[in-house]
Amino acid sequence: MATGTSLAVPVPVAERRFFFLSSQHGHERKHRRKRSKVFSSSSSEAIASDHNHQIQVLCKQGNLALALQLLPHEPNPTQRTFHSLILASNTPSSASAIHRAVIHSPFHSDPFLSTCLIAMYSRLRLLSQARQVFHNTPSKTIFVWNAMLKALLADDEAEDALSLFCQMNCLGVHLDSYTFSFALKSCIACSADSSSAPYRLKQIHSAAIRRGYDSQVHVATTLLDCYSKLGFLSYAQQVFHHMSLRTLVTWTAMIGCYARNEQPYDALNLFRQMVLTQDPHLTPNAVTIISVLLACAGLAALGQGKILHGYILRRELDSVLSVNNALVSMYIKSGSTVLGHRVFDHLDPRRRDAVSWNSLISGYAMHGFYQEAIQVFDEMVQSGVSPTAVSFVSVLGACSHCGLVEEGKMIFQSMTHKYNVVPCIEHYACMVDLLGRAGQLDEAVKIIEEMPLEPSPQLWGSLLGACRKFGNVEYAELACSHLFELEPKNSGNYVLLADVYTKAQMPEEVDRVKKLLEEQSLPKLAGCSWIEVFKKVYSFVSVDEMNPQIEEIDALLVELVAAMKIHGYEPNTKVILYDLEQEEKERMLLRHSEKLALAFGLINGKKGEVIRITKNLRLCEDCHSFTKLVSKFTKRDIFVRDVNRFHHFKDGVCSCMDYW
DNA sequence: GTAGGGTTAG
């Protein structure tokens, strides 16, 4: 206790030191202090260390201007000083000033500073300077190589990044896990204009396996995401299942993978599985929520989406702009433009970005509110947000569905002339669709012939669709000559061509195409529909004997068909290409997944509530006319979202006006 | 010894 009191007496710091240090130490200290005093007055080194420190502090405080003014007065800037300056540099002129100073210092080829300089130039989007630093660094550490890879990737020079990766391999550079992350991402960045992406991805994957980096969590997650982006869902799944350690990012990437690759149901299941682990490290973040919202949108699962919205508010994730944008898009895609618009309205107008606006524009376009879509586009421009390539895809799509040919042409022209957006393949596809739907087939073909890009299957598909509508055999054959080569496994193209021949009364040709289709025994994409009833999502496929209520559903459908026939419904068996008896064809029509979902909704849903169905294919003509009549007969509003757009059935009429 | 990576809405 006695010592305690004595220690409680405040002792000045300097004295206390004396108290504890031996006299010898004290002497040494004094001596050293004396020496440094001599240096500080006579040698420049002491001033130097002083300036170095000052420059570093100024950089940390963000006062780069003053730091740069001080730099010439420092004859021996240290590596630390340069590092601080590089980190603080935020303009091209300050960047080159610092770079010059480095070159004239003993650190001119220091790999550490080279790494930082490359990153700095990359940040300022000065790629050629970054390349220069790279080439002038004789002994490149893996950091230097990786910084250059990253810089190339960030500047859309992914092809160069991949060549650099090859060079590293040839030179026997010891690659690390970062190298693989960048190489994999480059591969994806190249995939837009190169068909070899899957092959190259697998090559890099095997190289990663050989070096044992494939199990590294960052590499594996990137790998998973790369397979996802190329549409190789099963490879992504394999990577996910083989990982021994999965982080939140890994789970999020896999959820996003399902959501983007037409498996929204699996995305929701995986999300549920993740939440059930109750692992605190796996608490969903904004990105996770965005991916889950994407899945809800994919299913038009409005109830699930609302639950998520509640979660977002509780977790205060509504402060994140991208979460709000995803909400807007989820609500609209789930059929509620009102709720979508409400989220948009609650956003501070100054915070709204191009994605916020685009969500709204594409939402209106999807619902067939084309005037509104164009109006929102104008509002976007007025608000000072520049339209992006995506804005134009939506708004041109809107024009096309509305038959606004002249308006569409003007907007297409304005892209380059007014908004500085270079048209890409999707925009040309929109134009072909616009002209094709309006019956201007010659002009549509002219666009294809004159465009500077390689026509995509979607673009030929648009032309083929127009040919079907206007019965143009010549252009249909032209489109198919490309389509059969570009996507030989898409049975839809054969069906459309057969339709064109049927319309043109060319039965031999119809038979030829049908045979072609049968010979290849192509796997037809199974029709699938979803419906949400009391916040649970139910899915239906056309051959679904597993559904416990199938008998009840069948019975209702038979009853409905009988009633609809009185109201003028005639089963449109033309949509079935197989050679079957009329009765059998009608039976097949009744098993279309959309009709099953509709009957299920009528049986189990809340009376009088809007029925919302989502379908993975385009709505067939028979289901369309059937649903129109059901909406009238049952006095129910029915929303059906197919792959392209919304159909709102009410009182026997559809919002698409039978034009889809 | 320092530096650097994976998931994000249209």
Side-chain angles (χ1 to χ4, degrees), chain A residues 78-80 82-84 86-87 110-120 122 141-151 153-154 176-185 188 213 216-226 228-229 236 239-240 243 245-257 259-260 274 284-297 317 320-333 340 343-344 347 352-366 373 376 380 387-395 397 426:
Chain A
T78 61
Q79 194 197 36
R80 263 183 109 101
F82 283 126
H83 185 205
S84 304
I86 293 169
L87 285 181
D110 176 45
F112 172 71
L113 288 183
S114 291
T115 307
C116 302
L117 284 168
I118 293 169
M120 171 189 76
S122 168
T141 59
I142 189 64
F143 286 98
V144 175
W145 287 99
N146 288 348
M148 195 62 228
L149 278 178
K150 190 187 171 191
L153 185 58
D176 70 2
S177 65
Y178 286 74
T179 319
F180 281 103
S181 290
F182 295 134
L184 290 167
K185 287 194 88 167
I188 293 306
Y213 285 122
Q216 222 273 345
V217 71
H218 283 96
V219 177
T221 306
T222 315
L223 201 50
L224 186 166
D225 187 56
C226 289
S228 160
K229 287 192 170 127
V239 173
F240 183 78
M243 286 171 78
L245 177 74
R246 300 183 196 109
T247 65
L248 177 63
V249 179
T250 316
W251 283 85
T252 302
M254 193 65 221
I255 291 167
C257 172
R260 268 199 302 256
M274 184 186 88
N285 65 11
V287 185
T288 318
I289 295 303
I290 289 166
S291 304
V292 182
L293 282 172
L294 187 64
C296 290
L317 291 169
V320 182
L321 180 63
S322 50
V323 170
N324 285 290
N325 292 344
L327 270 173
V328 172
S329 149
M330 179 280 293
Y331 275 129
I332 292 180
K333 283 188 185 165
V343 175
F344 181 87
L347 272 175
R352 291 172 192 156
D353 66 359
V355 180
S356 325
W357 287 99
N358 289 346
S359 305
L360 215 53
I361 296 171
S362 73
Y364 278 129
M366 254 190 116
V376 174
M380 174 184 189
T388 64
V390 177
S391 323
F392 287 105
V393 172
S394 302
V395 88
E426 280 98 337

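Letters go in sequence order (proteins before strands), and every chain restarts at 1. Since the structure is predicted, the reported quantities are computational estimates derived from the model, not experimental observations.
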Applying a 4.0 Å non-hydrogen cut-off, can you work out what A:D176 is touching in the nucleic acid: base, sugar-phosphate, or nothing? base
Output side-chain donor-acceptor pairs under 3.5 Å for residues 112-119 of chain A, partner residues at least two apart or in another chain, one line each.
residue: A:S114; atom: OG; partner: A:D110; partner atom: O; Å: 3.1
residue: A:S114; atom: OG; partner: A:T137; partner atom: OG1; Å: 2.9
residue: A:T115; atom: OG1; partner: A:P111; partner atom: O; Å: 2.8

Is the backbone N or O of A:S228 less than 3.5 Å from a side-chain atom of A:R260, with the two atoms forming a donor-acceptor pair by type? no
Which is true for A:V219 with a 4.0 Å heavy-atom rule: it touches a base, it touches only sugar-phosphate, or it touches nothing? base
Could you check whether A:V393 gets within reach of a base, just the sugar-phosphate, or nothing at all, counting any heavy atom under 4.0 Å? nothing
Tell me what A:T247 touches on the nucleic acid: a base, only sugar-phosphate, or nothing, going by heavy atoms under 4.0 Å. base
Heavy atoms under 4.0 Å, any strand shown: does A:T115 hit a base, just sugar-phosphate, or nothing? base
Look at all strands and tell whether A:Q216 reaches a base, only sugar-phosphate, or nothing, counting heavy atoms closer than 4.0 Å. base
Answer with base, sugar-phosphate or nothing: what part of the nucleic acid does A:T250 contact at a heavy-atom distance below 4.0 Å? base
Does A:S322 reach a base, just sugar-phosphate, or nothing at all? Heavy atoms under 4.0 Å. base
Chain A reaches DNA chain B, atoms under 4.0 Å from its heavy atoms, from B:dG1 to B:dG10
If we only count heavy atoms from C-beta on, is the A:T179 to A:D176 side-chain gap below 4.5 Å? yes
Please report the C-alpha distance between A:S329 and A:N325 in whole Å, then the side-chain angles of each, then the deciding distance to 0.1 Å, and finally whether the side chain to side chain contact (heavy atoms under 4.5 Å, CB included) criterion is met. CA-CA 6 Å; A:S329 149; A:N325 292 344; over 6 Å; no
Working note: A:F182 + A:N146, criterion side chain to side chain contact (heavy atoms under 4.5 Å, CB included); need CA distance, chi angles, decisive distance, verdict. CA-CA 8 Å; A:F182 295 134; A:N146 288 348; 4.0 Å; yes
Looking at every strand, decide which applies to A:S177 at a 4.0 Å heavy-atom threshold: base, sugar-phosphate, or nothing. base
With sequence neighbours left out, the residues meeting side-chain contact (heavy atoms from CB on, under 4.5 Å) with A:T250 are A:V217, A:T221, A:L224, A:F240, A:M243, A:R246, A:T247
When all nucleic acid strands are considered with a 4.0 Å heavy-atom cut-off, which category describes A:L294: base, sugar-phosphate, or nothing? sugar-phosphate
Could you walk me through whether A:D225 and A:T222 pass side-chain hydrogen bond (donor to acceptor under 3.5 Å, both in side chains), step by step? CA-CA 5 Å; A:D225 187 56; A:T222 315; over 6 Å; no
Name the nucleic acid region contacted by A:F182, choosing base, sugar-phosphate or nothing; use a 4.0 angstrom heavy-atom cut-off, strictly under. sugar-phosphate
Classify the nucleic acid contact of A:S356 as base, sugar-phosphate or nothing, counting any heavy atom under 4.0 Å across all strands shown. nothing
